[in-house]
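Keep in mind it's a predicted model, so treat the numbers as computed, not measured.
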Amino acid sequence: MKTHIKARLLALLLGTCIIHVQAQNEQDSLTNKLIRLDEVLITGESKSDPVFSMVRSENSKKIVQPKNVADLFNGLNGFALIKRGNYAIDPSFRASQYEQLNVQFNGGTKVMHACPNRMDPITTHVIPEEIERIEVVKGPYTFRYGPTFGGVINLVTQEVEKEEKGYHGKINFGDESNGNSITTLANLKYVHDQYDVNFNVGYRDFGDYEDGDGNEIPASFKSTDYGVQLGYNLGTTQRFQLGFRQSFGRDVMHAGLPMDTDEDNSTIVSLDYKVKDLKGALKEVSAKAYRSKVDHIMSNTLRPSFVRMSGISTVDATTMGGRIELKWKPSANFKLFTGVDMISIGRNGERVRTMKQNMNGDLLPMPMEFTDDIWQESRIDDYGVFVEGKYPLAKKLLLNAGVRYDMVYSKSDTPAEDFVALYPELDSRTENNVSATASIKYMATPDILFELAYGRGVRSANMLERYINHFNAGQDPYEYVGNPFLNAEVNNQFELGMKAKATFAESFLDKINYGASAYYAVYDNYIAGLIDPSIQKKYMPMAEPREVKRFTNVDDAYKTGFEVYGELQFLNDFNFKTEVAYVYTKNKDLDEALPLTSPLVTRFNLRYEKKKIWARATYTLTSEQSDIAPSFGEQITDGYGIVDFRFGAKPFKHVNIGVAAMNVFDVTYNNHLNFSFVNQADFGRVPINDPGRNLSAFIQYSF
């Protein structure tokens, strides 16, 4: 099915939906109710929120100088960051990452990267200061927002319609000492009863930073972003919202990748619609359509290998999709959600290599040029339908159950000759995936909640795992070859947890919050890159390593872990919180851990907060990680402890300031998920160290 046909179908579905609900709905112009789009997975209601969910809503206030959106996950229990430098950062949660996590923003919009090495993940295409909160569902416990394997991450941008009427705006400026980095943001919005307008523009310029030993790490980048959001309320129960944003990355250094980014350009367009308060069993209808395009240019111009061979790659990715959801209330206590969604991902691009020297280092009389097809002009389409319901079995017991079906279509339009020789039966392929979940919430008392959940999340192989053809696409130096006949990964996850609180009167101790959850996940057909002796190395065949990895299904793998937290609120303005997160993984086929498994992390936070001033001290203790995946090129990582201080104040009505001292004791360390240096003049293939001591300042004027 062609892209323009899909777009027309989405428009037709959206238009039909609008006409239908307009015919049903009776307008009440005397009532002015706030219309909120389905951008919210988590509402703060313990009984109605998805099971095992959490929200972080203090990003703009407490985070100082985020490099990109991924930095907002730093300090969120259970999360770790996969770093290739300062720019290409991916979140990892409970040893799930990349397409194993359903990462989106505003309840469904997605941006897929163009680079095989993920120089341009979704976290680079949204202004971090624009994110108001992060919502997380910790496993395959809801399928309303697309196929979900390891969890849902929803990045919620500014909800302008909730603000007071009139003009609003803010101007931010930030500066860092380690790297001489600056960030700027300007925001202007206008809110009217019938419509609202929101405009953002930002610029970031980060330099190379120094680690704790004073070594300069090549990690500089520049990025410019802007976005426009228009909202229109049709009557009192219907809302349209149009979003348009663009991001431009320039001169991006990737210490852990073989090339750097010359240009990274993205465009995202989205249209949302919602109608509520309908008569009869059907109560709400929401719809979304979006399209995103990423154009990416990378080269090795500034790398040592440029003397021998120059390389430049031009790739692009187009993502389009949408969803329609109906909210039903057949009875007073029964809520039912039904819907359809789709996502289409297409990628193409090529790499041009110019050989200047032979294997002995002698100049060639005439440079030799080669062109390699990176994505083999591939695409993957996913069409899904879901049903999910919430029903109280008793006054204190809530059941949530859902099922989802996905039809996944994949095809390569221009496969290389050697790829066809490897897979002579290569053709388009259609997969049928079924996911399901069931969970219960038991509110034992108003202050104690128990949760029990099972989820079967299914993920079909991504484009890299299917169609990459002899490219370095991992943390190790191997060439990787895709496998278009991979079975879909299945995550059978079980989880048990509780949350509780206690309030005290006439005591220095005001409140206690505490909770814990433990999970066990059995993987079927886990996808991993394993050495295949039957495949010959294609590029530089005499250089080590000489083996090639092919993506393969692993028969026997699992993960298990827990998260615990305890929080004391005392003396009205003080807060002390402790969090612990641990995950253990096992690939039984190779008798080693699954790759990118984060170590045990314990975090201590002491916070003081009043209306116009706040301060926070954080001590993060990361244990040694000796459970590693040698087949992935991993090494044992030493443990470390980091101390950070943050301070903020509102000295005037419209002014906020913040200062921070990060890694106060200038510790030299690297996280286990950091990539290793690749193709760098002054570094061998060792893990990239994180920044040493860093002083940061921030000021915001708002009106």
Side-chain angles (χ1 to χ4, degrees), residues 40 42-64 72-79 132-136 138 156 162 395-396 398 441-451 496-518 562-581 601-621 641-651 653 656-662 664 698 700:
V40 182
I42 302 170
T43 63
E45 296 293 333
S46 297
K47 290 186 67 175
S48 60
D49 286 345
V51 70
F52 293 108
S53 58
M54 63 179 175
V55 59
R56 180 171 185 164
S57 58
E58 55 180 23
N59 302 320
S60 61
K61 182 177 180 182
K62 300 298 189 296
I63 297 294
V64 179
L72 303 180
F73 294 93
N74 196 16
L76 200 56
N77 202 29
F79 277 87
E132 287 199 345
R133 67 182 179 275
I134 298 172
E135 301 170 334
V136 179
K138 298 182 179 181
V156 183
K162 294 165 56 177
K395 184 178 180 180
K396 297 182 179 182
L398 178 69
K441 287 190 173 190
Y442 176 59
M443 187 67 72
T445 72
D447 295 330
I448 302 177
L449 173 68
F450 291 95
E451 297 174 303
L496 174 65
M498 62 88 68
K499 299 175 183 176
K501 61 183 179 180
T503 305
F504 304 90
E506 299 180 358
S507 170
F508 85 99
L509 188 61
D510 304 317
K511 188 177 181 180
I512 297 178
N513 296 311
Y514 58 96
S517 63
F562 64 85
E563 286 130 26
V564 180
Y565 73 92
E567 182 180 18
L568 303 177
Q569 299 177 16
F570 58 99
L571 297 177
N572 296 321
D573 306 317
F574 289 89
N575 178 291
F576 178 75
K577 187 174 185 179
T578 301
E579 298 174 308
V580 181
V601 176
T602 306
R603 191 173 288 108
F604 303 93
N605 281 290
L606 177 62
R607 186 174 71 210
Y608 171 78
E609 184 164 359
K610 295 184 74 69
K611 186 176 181 180
K612 292 188 176 183
I613 190 172
W614 61 268
R616 174 185 290 178
T618 303
Y619 176 52
T620 304
L621 183 62
I642 301 298
V643 176
D644 302 327
F645 291 114
R646 294 180 175 89
F647 170 82
K650 190 172 184 178
K653 182 178 180 180
N656 286 283
I657 61 172
V659 294
M662 315 300 289
V664 173
F698 171 84
Q700 179 186 92

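Scanning all heavy atoms of the two residues, the minimum distance from S53 to K499 falls at O-NZ, 3.3 Å. The two atoms that bring R56 and L76 nearest to each other are NH1-N, 3.5 Å, heavy atoms only. Closest non-hydrogen pair, A444 versus F450, comes out as CB-CE1, 3.9 Å. Nearest heavy atom pair, residue G78 against residue A581, reads N-CB, 3.6 Å.
Checked for salt-bridge contact, R616 and E609 miss the test: no charged N lies under 4.0 Å from a carboxylate O.
Residues K611 and K650 have side chains not in contact (no heavy-atom distance under 4.5 Å, counting atoms from C-beta outward). Side chains of F576 and R607 form no contact here, defined as non-hydrogen atoms less than 4.5 Å apart. I448 is not listed as a side-chain neighbour of M443, based on a closest heavy-atom distance of 4.5 Å or more. The shortest side-chain heavy-atom distance between F562 and S517 does not fall under the 4.5 Å cut-off.
For K577, the salt bridge (Lys or Arg N to Asp or Glu O under 4.0 Å) criterion is met by E579, not counting sequence neighbours. Not a single ring pair (Phe, Tyr, Trp, His ring centres under 6.0 Å) links Y565 to another residue, sequence neighbours left out.
The main-chain N or O of K396 is never found under 3.5 Å from a side-chain atom of K441 such that the two would form a donor-acceptor pair. Here the side chain of E451 pairs a donor or acceptor atom with the backbone of F52 at under 3.5 angstrom. The main-chain N or O of F504 is never found under 3.5 Å from a side-chain atom of S507 such that the two would form a donor-acceptor pair.
E563 CD to F79 CZ: the interatomic distance, rounded to the nearest 0.5 Å, is 9.0 Å. Considering CG of L568 and CZ of F508, their distance stands at 8.0 Å, rounded to 0.5 Å. Distance check: F604 CZ to T578 OG1 gives 5.0 Å after rounding to the nearest 0.5 Å.
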Side chain to side chain contact (heavy atoms under 4.5 Å, CB included) between Y619 and I642: does it pass, once the steps are laid out?
-> CA-CA 6 Å; Y619 176 52; I642 301 298; 6.0 Å; no

Could you go through the side-chain hydrogen bond (donor to acceptor under 3.5 Å, both in side chains) check for D644 and T618 one step at a time?
-> CA-CA 5 Å; D644 302 327; T618 303; 5.6 Å; no

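Tested against Y608, the residues F645, F647, F574 include a single ring pair (Phe, Tyr, Trp, His ring centres under 6.0 Å) partner, F574.
Within the structure, the side-chain hydrogen bond (donor to acceptor under 3.5 Å, both in side chains) test picks out the following pairs touching residues 566-575 (sequence neighbours left out): N513-E567, E567-N575, D573-K610.
For K501, the NZ atom sits in a loose shell: 12 or fewer heavy atoms of surrounding residues, nucleotides or ligands are nearer than 6.0 Å.
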